[in-house]
Asker: 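What follows is a structure written as structure tokens; I'll ask about it next.
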Amino acid sequence: MIIQLNNISISYGNFLALDNISLNIEGGSIGLLGPNGAGKTTLLKTLLGFLPLHAGSGDVLGLDIKTRQLDIRRKVGYMPENDCFIPEMNAVSFVAYAGELCGMRRSDATQRAHEVLDYIDVGEERYRMIQTYSVGMRQRVKLAQALIHDPELLFLDEPTSGMDPSGRQKMLDLIKDISTAKDIHIILSSHLLPDVEYTCQSIVVIHQGKIVIQGNIEELKGNHRRLFEVKIKGDKNIFTSALEGLGYEWRSAEDDILRVSLPDGIEADIFFKVAVEHGLQIRHLAETRHSLEDIFAQAVGERNAESY
């Protein structure tokens with residue numbers, strides 16, 4: 001078990017950022033999901049010992065988060081969402097300095113910095129000042145400093161933020177390789193569901209400071225109701241209002257497609273009945289598999305997971 005939390009709470013003044021959270025994570029690659037302000041970054045900072053608990057207890061890698069913060073940070077790599085660079089430093093100096101802060105000798109830290117920068121594919125640019133880097137390069141350097149001390153567990157907070165499609169794919173491939181080939185546990189906090197689905201085996205979804213769903217992604221997809229894609233000709237709002245009246249869950253997808261979950265025992269001909277009753281036409285109907293977006297939308301009560 002890499003993380004165990006027992007009824008922890010964190011407050012900022014009168015605002016309850018984490019509300020009585022209990023969580024057990026065995027390991028692997030885990031996606032931490034939730035709308036903006038849900039408490040994802042607060043949870044990561046709590047696990048690192050940066051924020052004091054107001055209630056509850058927990059440990060990371062078997063170390064108490066109240067009393068063993070420095071020991072935790074020796075074993076955990078952290079890639080923060082915001083840039084954290086020191087002015088007038090190049091990538092080699094910055095990453096090596098991060099290694100020294102973890103207790104490495106300067107010569108060892110410099111050698112290791114070069115190795116990690118090679119791994120993340122930063123070439124001769126490593127000798128340039130970091131402030132001259134593109135967003136994608138700065139993100140990769142942040143990843144390098146998190147890896148310098150060969151951590152057992154890696155926290156990644158929005159690692160693809162601001163990156164172009166090519167750079168984003170390179171970062172995702174690195175994350176997947178780290179978790180599979182390098183045998184490092186990963187907690188990936190992101191608002192991009194495709195990033196999590198590509199790199200992670202399991203998810204934890206936080207909403208309004210509470211954990212609303214967690215588990216293996218493929219198992220969660222299989223545990224949901226039958227799902228259908230429906231496209232209609234006519235007023236879509238009339239159709240969706242009728243579905244809501246019957247108690248059926250739906251959300252919008254691309255190309256005016258509706259993704260509708262039907263309870264057990266309800267057959268797909270219900271869509272035709274609703275359409276005929278309201279003078280509408282069914283133009284497309286097909287049973288499909290649940291996506292991570294469906295799971296997320298259902299967990300946080302949103303009809304369009306892409307909108308958050």
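All values derive from a computational prediction rather than experimental measurement.
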Asker: Check for a donor-acceptor pair, side chain of Thr199 on one end and backbone N or O of Lys176 on the other, with a separation under 3.5 Å.
Answerer: no

Asker: Output yes when Glu293 and Arg251 qualify as a salt bridge under the 4.0 Å nitrogen-oxygen rule, no when they do not.
Answerer: yes

Asker: How about Val205 and Ile295: do any of their side-chain heavy atoms sit closer than 4.5 Å?
Answerer: no

Asker: Do Ile3 and Ile184 sit in the same hydrophobic cluster, where Ile, Leu, Val, Met, Phe, Trp and Tyr count as joined when their side-chain heavy atoms come under 4.5 Å apart?
Answerer: no

Asker: Describe, in one word, how the ring planes of Phe85 and Phe94 are oriented to each other, choosing from parallel (under 30°), tilted (30 to 60°) and perpendicular (over 60°).
Answerer: perpendicular

Asker: Is it possible for you to say whether Met79 and Leu153 belong to one hydrophobic cluster, with membership spreading through side-chain heavy-atom contacts below 4.5 Å?
Answerer: no

Asker: Give a yes-or-no answer on whether the side chains of Glu88 and Gln131 include a donor-acceptor pair shorter than 3.5 Å.
Answerer: yes

Asker: Just to verify, which of Gln111, Arg105, Arg106 counts as forming a side-chain hydrogen bond (donor to acceptor under 3.5 Å, both in side chains) with Asp108?
Answerer: Arg105

Asker: Kindly assign one of parallel, tilted or perpendicular to the pair Phe239 and Phe271, based on the angle between their ring planes and the thresholds 30° and 60°.
Answerer: tilted

Asker: Strictly below 4.0 Å, N to O, side chains only: are Arg226 and Glu267 in salt-bridge contact?
Answerer: yes

Asker: If we ignore hydrogens and angles and just use 3.5 Å, is the side chain of His54 paired with the main-chain N or O of Ser11 as donor and acceptor?
Answerer: yes

Asker: Which pair of non-hydrogen atoms, one from Ser261 and one from Leu227, has the smallest distance, and what is that distance?
Answerer: OG-CD1, 3.7 Å

Asker: I'd like to know if the side chain of Glu197 reaches the main chain of Leu192, judged simply by a donor and an acceptor atom lying under 3.5 Å from each other, with no hydrogens or angles considered.
Answerer: no

Asker: Determine yes or no for a side-chain-to-main-chain donor-acceptor pair under 3.5 angstrom, with Thr160 supplying the side chain and Met163 the backbone.
Answerer: no

Asker: Heavy-atom count check: over 12 atoms from other residues, nucleotides or ligands less than 6.0 Å from Asp183 CG?
Answerer: no

